[in-house]
Structure formats: C-alpha cells, structure tokens
Amino acid sequence: MYPTVLFGGLFFKGEPDFEDAKLHLFLTFDRSKQTGTPVIPDFFIRKVEYIEPIVSFIEKAVPKKHPFSIDIIEPSIKIETLELLAEKKLLSRTIYNSIHIGITKEEIQVLQDNTPDMAIVVAFNPKDKSPDGKIEVLENGAHLIDTGLLELVRRIGIKKILIDTAALAPGENSGAAIAAIPVMKEEYGLPTGCAIHNVVEKSRWLNDFPFAKKAVDVASNSAIPLFGGNYAIFGPLENAEMVIPLIAWQDILVSEYTENYFGVTPVASHPRRKLLQ
Amino acid sequence: MKQKIKTSVIGSYPIPIDTQQLMHNYFAGQEQSWTTYIEQAVHDMTSAGIDFVSDGQTRDPLVQLFTRKLTGCRVRGRTEIIGRVEYQGPITVPDQIYTKRLLPRHVGLIGILTGPYTLTRSSVDSFYHDEKELAFDFAKALRNEAKLLSKHVDCISIDEPFFSNQLPEYAHELLGVITNDLSRPTRLHVCGDVSVSIPRLVDMPVDILSHEFKAKPYLVDIFKEYSSKRKICAGAVQSDDSRVESIEEIVTHMKKVIDVFGRNLIQFAPDCGQRLLPREIAFRKLKNLVAAGEIINGG
C-alpha cells in the first residue's frame, strides 16, 4: 500500500514570490521526508510573462527527479509552457494539470508534440454532477466534445493518468466528488483524487467561524484516503505543515485496518513504517 | 379564407457549446447556466420566421435529455436501466418556460418528448428484461412530463425514430398512455422509411403525423391512400444533407405534398432535428423553408 500523495499550490494569486516559495518548498520537503507523505508542488501560471521565470524556478528549486505539476487554465499559456518544458527537458517530471472538456485542438496538437509523463484528467460534467456523470465525461465526453477524455488522453500519448473527481460547491452535489472516488477506482483502477478543500472555500457559512474554517479546510483532505483516494490537491503549499501530518495520521489508520482485514501491507516509505517504529 | 400552412421545427438545433467557458466557470466556482444556448437557438428560429419553434434541445441528445432525470436510469456511456423507471420531477419544463418568455406573441412553442419506445430501444436494460414493461413505464413517466408541459407549450411532439425500424404491436396503446386527454394537440414524429408502417401510423392516438418527406419523397405517394385520415407535418428540407435547398426546390416539393394531403397538410418542417448540421446551414435551410412557405401561402 502506497501513501496518499499531496499536491500543494504555489503562485495561486498570480505574481510569483520566489523567496516565499523557496521557504515553503524547503519546509514541505522536510516534513514530507519526516512523515513519508509525498508532496508534489503544483505551480499556477496565470500570465505569459510568468512562464519563463516559473519554469526556471522549477529547474533550480525542485530537487532533480522530483515530479511537479503545472496548473494552468488558459490554453495559450498551457501551450507556451509545454514548449518551454520540452526545451528544458522537464516533461518526464511534469504532471499536466489538467485535461478537461475545455481542451482546444491546438492544445491537443502541442501535447502530442510535447507529451508530459502524466496528466490530471478532470471529470467535470456540467450536465450531470453525479458519479455517473463524471464517468460519462471520461467515457464519451458527455457529447460536449468528440471523444471521451480517457480516449483523448491515450490518443495524445500520455501514459500515466490521474483522475480528478471534480469537487463542486455545496449545493451543487459537492459530496459526489468523494462518492465518485470508489466508483472510479472500481471502474478504471486508476489513481483518483480531487481538490476537496475547494468545497470548504465555497462554504460561505463557514466565514462566520474563521478559526474553524482553517481547521475544516485542512481536515477536508482526510476524506480522500478514507474513501480510497490516492491523492489530494490541498490548496496553498503554506498549508502543508498542517495537511502532511493529518494525511500521514489518516494513512496510518487506513493502513492498519487494510492490513488486518485485507492483508495489504504498506510500502517501506509509508508513514506507518516511518512513524511507528 | 385559405388556411395558412405553418412552419415548424422538429426539435434539435445545432448550437456549439462553449466548453472553455464552462471550464472557466468551473474553476471560478460559478454556477453553470444553459440559457445562452437556448437563447441562441430560439433567436435563429424566430429570426428565420418559423411559426412554431422549440427550445433547440441543446442540453443533450434526445435520449439522455430524458433518461438523465428519470429514476431507474443511469447515464454513463449509454443509458442503463438499473431500477424501476419513474418520474421524479420536471425534465424539460423549466427550459420551455424560459423559452416561452423569449418568444413574440405570434410565435408558438412545441414541447418535445422523446418517445417511450425510442427510450426503451436506446437503453441497456439490466432490470426489467421485458421490453414492453419498460416501454410502458417510460410512457407513464413521460405522461407526467406531458401534463406539466401542456401548461406552457402550444403543441407536444413525440419523437419516435425507432418506430421506423420496428412498430411494436402495442405502439397505439403505448402512445395513448401519454396523449389521452392532454389539453394540447399532439404530434408524432417518425423519421426514416415508414412506408410499411403507414397503415398503422395513421391510426395512432395523436393529432398530427410528421415524417421525412423531403429525403424520402416516395412516402408522399404511399400516403395517398390514407391522406384524409390525419393532419400532417411534412418534412420540406433535409436534415441529413448540408446542401441548402433553393426556395424554388422547396416550393415544388411543397406543392406535391399539398396535392396529396390538401387541407390536412398543416405544417412544414425540416425532415428531422437539425442537430447534425452546421449552424449556418441549419439557419439558411429554415430561412428558405419560411420563404417557400410564404409563397405557398400566397404571401
């Protein structure tokens, strides 16, 4: 059994603060090493002018061989970033965040020419927010695009796929993102997770409980390993200090019952092996 | 006074969905709205001058549009039947109410139902293992939708493309479940080659029959024997061919159809839903249909 993988975001607000990022990366990797909970930095790139400096920062600040993800919304920025990552021979460490129904023909072409090792596929179906609707978008694109997202990713040539169950706001079937985890795992056997903390962000009523809101935001991530998920996108990397021990604790809990009940043993790097001597 | 033959649509209209915008809304945590696509479809139909429009059925293909919101159906790759099919609330009604608000007074609205037999034959049945029982449960669910629709639309059209492949022996009874005592006129649309089924189709419990007369002009001749039995909505432009028929060509076709059906011919429409055509072509076909209709009506 492998530990739950965490994705922590950097530069979400836009303009990168490299000194701050360096500090958070250092602390995060230190906690990760201590607990055994792997953390992958997720780099937001909001503007074209940030592409070059952020990719240079990745080259210098992220340990060699360590994976990272690029989190970009605008297709034109995605395309330019892919080309630069290819030029710098970083694609084998790149997790492309993400592929979804908004993909453009140009983006598909550039991905075929500059193929990252792994991609997050967002199972967001605007027509149907249930777990079945999420499967539909992976299977046939819910008739919003020509093919299912999984076939599209395979056609591009991306070998490793992470399914994102697309967390939505409260009132929009937010629980389906969690319910979909075991459904997707059963259906595809692919690593599955989501950014469940986004649901906390969108829970406006929690603004009346500012102290609790932070705790709820961090705690929300524990639902993912509890439902059999493989990764959690937990928000800003600065939260890593709280999320890492939480997930390590949760992984130990899950590991103990899965070993006792199913006979599944944890790998050597698992928090249960690292922290319970 | 000569009765005016109205122009109509069958159902779907090709509006491209902006998936990038949908994803922007998703990432921004904003609610998704479909009204812009309904507005575009309705705008095209009314601009072309169509008398009876639909909401464009832009949300989904004809099967998923209904099965997605019925209990007992699971939509993944195809619709799977995993429990008893039951109505759980309005399906197309909110879109019809929205569409009605967009329409000028003189334009009518057609509410579209995908027929129970087509829903049955398009689904993978893992629950009933009895086609007839499933079809009747679909029909009962659609009856609820039809009753609600009746309050908001001017006509209800039942789209049954699968009747052209096979007309089940219980077809009459099945449609009756939906249409009995409805307060609005009903139309049965069956595209494809219905030549062998015509004697039974003309006895179906609906007010209007709608068929693909432009792509299959031989149907007009086969219908001759039964031309007095039913009101007719005649296909006058093809939906499976991107060639835009000239006004003259459509007028010639319309005259041939009128010769056979006379006063029973009450609507001209495209042969089928226009979903598979490029939007610009679909619009030009509707415009020419309306222009031809005006010539026929002596305008």
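Proteins come first, then strands; the chains are lettered A, B, ... in the order of their sequence lines, and each starts at number 1.
Summarising the geometry of B:Pro61 relative to A:Lys127, their closest heavy-atom pair is CD-NZ, 4.2 Å, with the distance given to 0.1 Å. The minimum heavy-atom distance linking A:Pro75 with B:Gln20 is given by the pair CG-OE1, 3.4 Å. For the pair A:Lys202 and B:Gly29, the tightest heavy-atom approach, listed with the atom from each and the gap, is CE-CA, 3.5 Å.
When the shell of 6.0 Å around NE2 of B:His43 is examined, it contains 12 or fewer heavy atoms from other residues, nucleotides or ligands. Taking a 6.0 Å sphere around NZ of B:Lys147, one finds it holds 12 or fewer heavy atoms contributed by other residues, nucleotides or ligands. Other residues, nucleotides and ligands place no more than 12 heavy atoms under 6.0 Å from the CD atom of A:Glu186. Counting heavy-atom neighbours within 6.0 Å of A:Lys213 NZ, excluding the residue itself, gives a total above 12. Within a 6.0 Å radius of CG in A:Asp208, more than 12 heavy atoms belonging to other residues, nucleotides or ligands are found. Surrounding CZ of B:Arg243 are more than 12 heavy atoms belonging to other residues, nucleotides or ligands, all under 6.0 Å away. Around the CZ atom of A:Phe12, the shell of radius 6.0 Å holds no more than 12 heavy atoms that belong to other residues, nucleotides or ligands. Applying the 6.0 Å contact sphere to CZ of B:Phe136 captures more than 12 heavy atoms from other residues, nucleotides or ligands.
Interface remark: A:Leu138 contributes no atoms to any contact with chain B (heavy atom separation under 4.5 Å). Using a 4.5 Å cut-off between heavy atoms, A:Ala167 contacts chain B through its backbone alone, with no side-chain atom that close. With a 4.5 Å cut-off on non-hydrogen atoms, B:Gln64 touches chain A through its side chain but not through its backbone. Both the backbone and the side chain of A:Leu144 come within contact range of chain B, each with at least one heavy atom under 4.5 Å from a heavy atom of that chain. Proximity to chain B is limited to the side chain of A:Ile73, based on heavy atoms less than 4.5 angstrom apart. In this structure, chain A has heavy atoms under 4.5 Å from both the backbone and the side chain of B:Asp60. Of the two parts of A:Val122, only the side chain, counted from C-beta on, holds a non-hydrogen atom closer than 4.5 Å to a non-hydrogen atom of chain B. Within the 4.5 angstrom heavy-atom criterion, atoms from both the backbone and the side chain of B:Leu22 approach chain A.
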(message) Test side chain to side chain donor-acceptor pair (under 3.5 Å) on A:Glu74 and B:His24; report intermediate values, then the result.
(response) CA-CA 9 Å; A:Glu74 286 302 325; B:His24 271 283; 3.3 Å; yes
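Taking CG of A:Asn125 as the start and CD of B:Gln32 as the end, the distance is 10.0 Å to the nearest 0.5 Å. Distance check: A:Asn198 CG to B:Phe27 CZ gives 10.0 Å after rounding to the nearest 0.5 Å.
Your options are A:Glu201, A:Lys134, A:His100, and the one with the most heavy-atom pairs under 4.5 Å with chain B is A:His100.
No donor-acceptor pair under 3.5 Å is formed between the side chain of A:Asp132 and the backbone N or O of B:Val75.
The aromatic rings of A:Phe124 and B:Tyr26 lie parallel to each other, with less than 30° between the two planes, well short of the 60° mark.
When the options B:Arg78, B:Arg68, B:Arg76 are evaluated for a side chain to side chain donor-acceptor pair (under 3.5 Å) with A:Glu136, the one that passes is B:Arg68.
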